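Sharing a structure with you now.
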Amino acid sequence: MSSQTDQDPRLHAIKTNIRVVPNFPKPGIMFQDITTLLLDPKAFKDTIDLFVERYKAKNISVVAGIEARGFIFGPPIALAIGAKFVPLRKPKKLPGKVISQEYTLEYGSDCLEMHVGAVEPGERALVVDDLIATGGTLCAAMDLLERVGAEVVECACVIELPELKGRERLNGKPLYVLVEYLEI
Ligand SMILES: O=P(O)(O)OC[C@H]1O[C@H](OP(=O)(O)OP(=O)(O)O)[C@H](O)[C@@H]1O
Ligand SMILES: Nc1ncnc2[nH]cnc12
C-alpha cells in the first residue's frame, strides 16, 4: 500500500492543515502549501511520526532531503530513526565538491547537487520531500544517490498529485505518500 489515506485517523488533520493556493507561483498551478501544516504542532508531529513508524526498522543509514521543503521533514525523520541527514541542494549552494543532476518541473527546470563523500557506496537511503508532482525532482535525487552507489530503499512525500503521474516516472522505485490531492 503506497498511500495511507482513509486508514490512519491522524491523516485527516494532516490533509486539512495543508492549504491549497490557486494560481501560485503561476496561473493554473494549485499550490500545496505545507507551511500551514507546520502551524499545527500535533499535525506536524503526526506527519513525522507516520514516517518514523514506517522507516525505524528498515536499516536506513541516510535520509536525503530535497531543498527546500524536504529540509523541513527530512531532519526530524533522520534523527528519530538514527540515520544521517544529507541535503540535496539547488545549484551553487553547497561549498564542497558536488555531483549535479538536472531535471524538469511542473513549472520550469532545475538542478540538484549533493556533496561528494556525503553518501558511501552500499548505504541504504530514504529520499524525503514534501510533494511529488511530475516526479522529476525525486528522479534526480535518486539518480544522485545511485550514482554514488547507494541503494534507494524508498521515496517518502507528504503529498502526491496523482494526476501528474509522477509515480510512473520512478522506474518502479517504491513511493510512500500520506495524502493525495486530486484536483489540479
Ligand atoms: O515532482 P516534481 O514535478 O519534480 O515537483 C516536486 C517538487 O516541486 C517542489 O519544489 P520546488 O521545485 O518548487 O522548489 P522549492 O521547494 O525550493 O520551492 C516540491 O517541493 C518538490 O520538490
Ligand atoms: N502544485 C504544487 N504545489 C506545491 N509544490 C509543487 N511542486 C510542484 N507542483 C507543486
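Predicted model, so just to flag it, every value in this text is computed and none were measured. When reading the values below, keep in mind they use all heavy atoms of this one structure, side chains included, and skip hydrogens, waters and symmetry mates. Whatever order the structure lists them in is the order used to number ligands and atoms, beginning at 1.
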>> Checking contacts here: is it the side chain or the backbone of Asp130 that comes within 4.0 Å of ligand 1, counting heavy atoms only? Could be both or neither.
In response: side chain
> Within the structure, does Tyr103 bring an N/O atom to less than 3.5 angstrom of an N/O atom in ligand 1?
Replying inline: no
>> Quick check: Leu138 and ligand 1, any N/O pair under 3.5 Å apart?
In response: no
> Arg147 and Gln101: side chain to side chain donor-acceptor pair (under 3.5 Å), yes or no, with the steps?
Replying inline: CA-CA 10 Å; Arg147 279 168 59 192; Gln101 190 73 44; 2.7 Å; yes
> Does ligand 1 have a heavy atom under 4.0 Å from the side chain of Asp129, from its backbone, from both, or from neither?
Replying inline: side chain
>> Tell me whether Thr104 has any N or O atom under 3.5 angstrom from an N or O of ligand 1.
In response: no
>> Once salt bridge (charged side-chain N to carboxylate O under 4.0 Å, His left out) is applied, what residue pairs with a partner in residues 110-122 remain, sequence neighbours excluded?
In response: Lys90-Asp110
> Should you measure from each heavy atom of Lys90, which atoms of ligand 1 turn up under 4.0 Å away?
Replying inline: 12 (O), 14 (O), 15 (P), 17 (O)
>> If you define the side chain from C-beta out and look only at heavy atoms, does anything of Phe31 sit under 4.5 Å from Pro25?
In response: yes
> For atom CD of Glu146, is the number of surrounding heavy atoms from other residues, nucleotides or ligands below 6.0 Å larger than 12?
Replying inline: yes
>> Closer than 4.0 Å to some heavy atom of Arg69 - which atoms of ligand 2 meet that?
In response: 4 (C), 5 (N)
> Against heavy atoms of Met30, which atoms of ligand 2 measure under 4.0 Å?
Replying inline: 1 (N), 2 (C), 3 (N)
> Given Ile159, Ile132, Leu164, Leu131, which one has a non-hydrogen atom that is nearest to atom 6 (C) of ligand 2?
Replying inline: Leu131
> Would one find an N or O of Ile66, backbone or side chain, under 3.5 Å from an N or O of ligand 1?
Replying inline: no
>> Please determine whether residues Val20 and Leu164 belong to a single hydrophobic cluster, defined as Ile, Leu, Val, Met, Phe, Trp and Tyr linked transitively by side-chain heavy-atom distances below 4.5 Å.
In response: yes
>> Please determine whether a side-chain nitrogen of the Lys or Arg among Asp8 and Arg10 lies less than 4.0 Å from a carboxylate oxygen of the Asp or Glu.
In response: yes
>> Within ligand 1, which atoms have a heavy atom of Thr137 less than 4.0 Å away?
In response: 2 (P), 4 (O), 5 (O), 6 (C), 7 (C), 22 (O)
>> Any nitrogen or oxygen of Ile132 lying under 3.5 Å from a nitrogen or oxygen in ligand 1? Just yes or no.
In response: no
> For Lys165, which residues count as a side chain to side chain donor-acceptor pair (under 3.5 Å) partner, sequence neighbours excluded?
Replying inline: none
>> As a quick check of understanding, evaluate salt bridge (Lys or Arg N to Asp or Glu O under 4.0 Å) for Lys84 and Glu123, giving each step before the final call.
In response: CA-CA 11 Å; Lys84 65 185 173 185; Glu123 287 205 70; 2.7 Å; yes
> Is any NZ, NE, NH1 or NH2 atom of the basic residue among Lys42 and Asp46 found under 4.0 Å from an Asp or Glu carboxylate oxygen of the other?
Replying inline: yes
> Does an N or O from Ile29, backbone or side chain, lie closer than 3.5 Å to an N or O of ligand 2?
Replying inline: no
> Under a 4.0 Å N-O cut-off, is there an ion pair linking Glu154 with Lys58?
Replying inline: no
>> Can you name the atoms of ligand 2, numbered from 1 with element, that are less than 4.0 Å from a heavy atom of Leu161?
In response: 1 (N)
> Under 4.0 Å from any heavy atom of Ala133, which atoms of ligand 2 are there?
Replying inline: 8 (C), 9 (N)
> Salt bridge check: are Lys93 and Glu67 linked by an N-O gap of less than 4.0 Å?
Replying inline: no
> Strictly under 4.0 Å, does any heavy atom of Gly166 approach an atom of ligand 1?
Replying inline: no
>> Within the 4.0 Å heavy-atom shell around Thr134, which atoms of ligand 1 are there?
In response: 1 (O), 2 (P), 3 (O), 4 (O)
